[in-house]
Amino acid sequence: MRQQQKFTAAEEPIISLGRVVQSLREEDDIDALIATTISYLQEQFKYSLIWIALYDRLNHILFGQGGVVPGSNTSCLKQRVVLNPGDLLEQVVIEQRPLGVADLRTETRIEEWQSLAQKFNIQGTIVIPICYKHFCFGLVLLGSERWGYLLGGEARARLMMLLGELGSKLYEREIDLQHKQTKRLDEPLLKLLQNLQALNQLEQRLEAVIEATHAFVLPKHTNIYWFDREGHFFWRRLSNKNTSRNFQQNHEEGTAKITVHELSDFYIALSVNEIVWIGEGRSSLKSNFTVKLLKRFGVRSFLAAPIIWQKDLLGFLTVESTEARIWTEAEKNFTKNAAGLTSLVAPLEEIESTITQIQNDAYLTGQIAKAIYSNYDIQEILDICAEKVLQRLLSNRFLLLHYDFDQNSYQIFYQHQTHNCRPLVSNLEALKDLDWQLLLRSTEAVAVENWETDLRFFNWHPYLLENGVRSLVICNCNFGQEPEVLLAITTEKHHNWTSLEKELVQVVAQQLGVTIRQWQLHQKTEQQQKILQSFQQSLRIIEQSQDSKTQTILNLERAALEQIAAILNCSLAILLSWQPGDHTAKIIPGFIANSQFQIAINTPIPLQTEALIQWALITDDILAITANDLPTETKNWLNGAGIGQILVIALRTTADYQPTGVIIIADHWQRQWSEEITDTMKTLVCQLAWSRRWLQITQMLESRTGELRQLNWYKHRRLEDIQKNMTQLLRQMADLGIPTNELTHMRYQQLVRQLDYSTATMTDLLKLELWQMQMNWESVPVASLLKRSLERVDHLLKQQRLWVGVHGLGENEGEDSTKNYSLLPHSSLAIASDIVKIELILHELLVCACHRSTKLGRIDIWCRRLDEDFLEVSITDNGEIESQLLIELHPDTPKDILASSRLEQLPGLHLLICQKFIQQLGGELNFYQLSDSRIVSRLLLPLARSN
């Protein structure tokens, strides 16, 4: 006999642990496993309190299995502990890690053991979970009479190895128990399939499904509910309680009905082929709807599987229990498979009508295709299509929607409705991104059975509900592409759209998509034609601007803005315009659609601080912003309530020239700007910038040329006067000779002073009016003005022996004498202007009249006060003048700078200069011929006010 091996004291705990672990591996009984563990803990760790409990995960309860306790009362070791949030034991179970308590007597989070600890002086305590593969199967509580809960490293290791082995055995036991409790699905389902094959009538097959399901699940009730599409409700077709009743009796006796509106969440779950289950404390639905569903069926546990054929919901199979019950996966799977077998046999009774309907739909789509490829116009095609589709689907509204990128909304391209429906008058908002993606990715038409509760296409809900829409099916006409063209069919009541109906809508939508694409190409061609016409119109505007005498650039700017607004179809188009050296810009209104886009037009815009101007100047391209981007200062004048989207671009020609204008385009918030539109706008703006600059240069050159001509004429006439005066003075001085007496000396001094005045006048002329004339305002009586003017042409009057008469200044008319103008009567009328220049103009008119007149002719000067501000002076003569010169002197006659003109020659050039002069002085000068051939030079002069 072999001698028993002796172990040292250090090896003994390891050997003892090995024996216990081996015992646990060989044991299958749960009570023996617990007893072995307790015995080892009591022997090796010497704790006063040992308690082992197993954890019920489903109910969150600990069940005591035994242990060691001081005293003789061991009932506490078998106690049932319900875990609550905040308890120490629950923390151990949830976190699956040990926890220690220094003094169990004072620990309030473990009330179940606090009283016993106080009675037997249990202090240091450690609670260790029994875990395996992240599952907690229970826990061990060890308590000692010593304070503190530290456990040595070796002892902790032995304890964890023991509990780990115990956990593995408990895991194996749970797996074995699950396998034993799991029902096998294959045999009952195979038997059900064989029964269905042997039966001929649908009612018999439904009874077989109910019997098999009831036998497998063992509920209180098993029912089959059928869906009525017209009434939009479910009705109980068959039940395990009344399987002998046939379908007709069941319907006539008015068995239970469930409306879709009543249980909408339940219906939605079934429609997407989801099983609905409600058990003890758990549910596949929301909590508030779970209570409503249980109350509606009058049960406490409920399991329903949908019966679906080709994505159409036919009904559902239910198993119900009046007791709280946890449905196993096997029961759920069997119910779902039984409902699936039902969906295979249910359509057989309607297969003939389905085939007929498919044939009718094929014929209908064929008729639509024939209409599309015939010679009908698009209106006739859509009328034919809409009538046939509405009649087939029993609907009341046919809508064809086209997305307008510029307006960012769906335009109603075509609509057709039954007589009891009013047409839609407003466009539909752009779809939200989620709905846009839904139509883009969907492989079939999208059906909305209940428009009031369904959240899809939510931003269309208010308007369509207001117009009576309660259900809708919608399809993208360009399959797989962005949903720019949509076909929508609506009804006035809730409707369950079948797969056949959705397929029909999809086929029709694709057929119409071809027609709409053709229309879009036609629209694009028209848009290009419209753009071409706009360019041609811009050129015509430039031509018209060249012929306009007044406000040339302003006319061009406004006409161009109107043209841009027409092309962009926008609500506001304005120009901020300024000239080099200006500090503020003015607003040029081009187009304002309505009061929603009215702005403060008369507001001066500071160049340096206006954000829109500065943004445009630093941006080479079009700047697109919104009203929210504008600073407060800009909103003070760009204050239209309807302004949302804004385009800003500067009027640029080349980099060498600074812009002198910014165009602002605005529209509503939903507006979007396509690339084609913005490119067209840039071309038109560039064209406007160059045309505007060319006209500015032309006007500036014309103005400078006119000013230089006036200056030359003015200086020439002044110098003539000065030269004449000085010649006369020098001759007089020569006639006097050397003064020998006082009288001669006084006369000599007077002539010297007159000579000094003439010299000073010449100096002022050369100094003050070097390149630009100065306007000096003074007043002079009309009589004196006319007298001096006649004296200056006295030599011409004598030479031609002309008679001059002045009328309108007094009672006496001029006499038949060459000196009658010296006897002009006194008049109180006075002229307020630059008298020197007025005298020169009168002198020029009188000189021309003298040169035109024949010898012994007559010149009349007619004076007439028009009103408080102006005096009319008309000079008439009997001379001859070219009719073409009179035409060109008319202010409304277009001036061609490049063509030869009478105004480039004398006397036309001088008369034109006089016209420009008098306009600058606030007057007016016109030339015309009377019916009796007399020539009239009509002059309007500003009168001096009495004050």
Side-chain angles (χ1 to χ4, degrees), residues 713-714 716-736 747 750-751 754-755 757-758 761 780-827 831 835-863 873-882 906-911 913-914 925 927 929-930 932-939 941:
W713 174 85
Y714 167 68
H716 185 75
R717 289 289 185 254
R718 288 293 305 277
L719 291 174
E720 282 182 347
D721 287 348
I722 294 171
Q723 187 268 341
K724 180 180 178 181
N725 292 335
M726 292 182 69
T727 300
Q728 185 177 4
L729 290 173
L730 291 173
R731 185 183 300 114
Q732 292 177 2
M733 292 177 69
D735 292 343
L736 285 176
R747 177 60 179 162
Q750 183 180 9
L751 292 175
Q754 290 179 3
L755 185 61
Y757 174 76
S758 298
T761 303
V780 64
V782 177
S784 300
L785 178 64
L786 294 177
K787 180 180 179 181
R788 291 204 300 266
S789 298
L790 289 171
E791 287 177 346
R792 297 177 66 175
V793 295
D794 180 65
H795 65 288
L796 290 176
L797 294 175
K798 290 180 178 179
Q799 181 180 345
Q800 296 289 97
R801 300 178 63 188
L802 298 176
W803 186 91
V804 177
V806 179
H807 314 277
L809 293 181
E811 296 179 358
N812 298 326
E813 299 295 340
E815 299 176 357
D816 187 8
S817 170
T818 58
K819 291 288 182 180
N820 61 347
Y821 49 82
S822 64
L823 304 175
L824 288 172
H826 173 74
S827 174
I831 300 299
I835 302 305
V836 174
K837 295 178 177 61
I838 291 293
E839 285 186 16
L840 292 177
I841 292 172
L842 281 172
H843 174 258
E844 189 69 38
L845 295 179
L846 290 172
V847 168
C848 290
C850 291
H851 286 162
R852 285 195 302 266
S853 299
T854 59
K855 289 184 177 182
L856 302 177
R858 174 179 179 139
I859 296 177
D860 291 288
I861 302 176
W862 304 87
C863 299
V873 178
S874 297
I875 302 174
T876 63
D877 63 84
N878 294 315
E880 294 182 358
I881 190 171
E882 294 183 73
L906 298 179
L909 177 59
H910 289 175
L911 295 177
I913 293 173
C914 291
L925 176 58
F927 302 93
Q929 194 166 18
L930 298 177
D932 58 1
S933 299
R934 284 186 297 165
I935 300 170
V936 179
S937 302
R938 181 176 177 270
L939 186 64
L941 299 175

- Query: When rounded to the nearest 0.5 angstrom, what distance separates CG in Leu856 from CD in Gln800?
  - Reply: 9.5 Å
- 4.5 Å side-chain heavy-atom contact, Trp803 and Asp860: yes
- Minimum side-chain heavy-atom gap Ile835-Arg788 below 4.5 Å: yes
- Query: Would you call Asp877 and Leu802 a side-chain contact if the rule is heavy atoms closer than 4.5 Å?
  - Reply: no
- Message: Using side-chain heavy atoms (C-beta onward) and a distance below 4.5 Å, is Leu911 in contact with Leu845?
- Response: yes
- 4.5 Å side-chain heavy-atom contact, Leu797 and Leu846: no
- Using a 4.5 Å cut-off on heavy atoms from C-beta on, say whether the side chain of Leu840 contacts that of Glu844. no
- Closest heavy-atom contact between Glu880 and Arg852? O-CD, 3.4 Å
- Just how far is it from atom CG of Asp932 to atom CG of Asn878, taken to the nearest 0.5 Å? 7.5 Å
- Spacing of Asp794 atom CG and Cys850 atom SG [to the nearest 0.5 Å]: 10.0 Å
- Residue pair His843 / Ser789, side-chain heavy-atom distance below 4.5 Å: no
- Applying side-chain contact (heavy atoms from CB on, under 4.5 Å), run through Leu796 and His851 and close with a yes or a no. CA-CA 8 Å; Leu796 290 176; His851 286 162; 4.2 Å; yes
- Query: Any side-chain heavy-atom pair from Leu941 and Val782 closer than 4.5 angstrom?
  - Reply: no
- Can you name the closest pair of heavy atoms from Ile935 and Gly879 and give their distance? CD1-O, 3.3 Å
- Which heavy atom of Lys855 sits nearest a heavy atom of Gln799, and at what distance? CE-O, 4.4 Å
- Message: As an exercise, state the distance from CD1 of Ile841 to OG of Ser937, rounded to the nearest 0.5 Å.
- Response: 12.0 Å
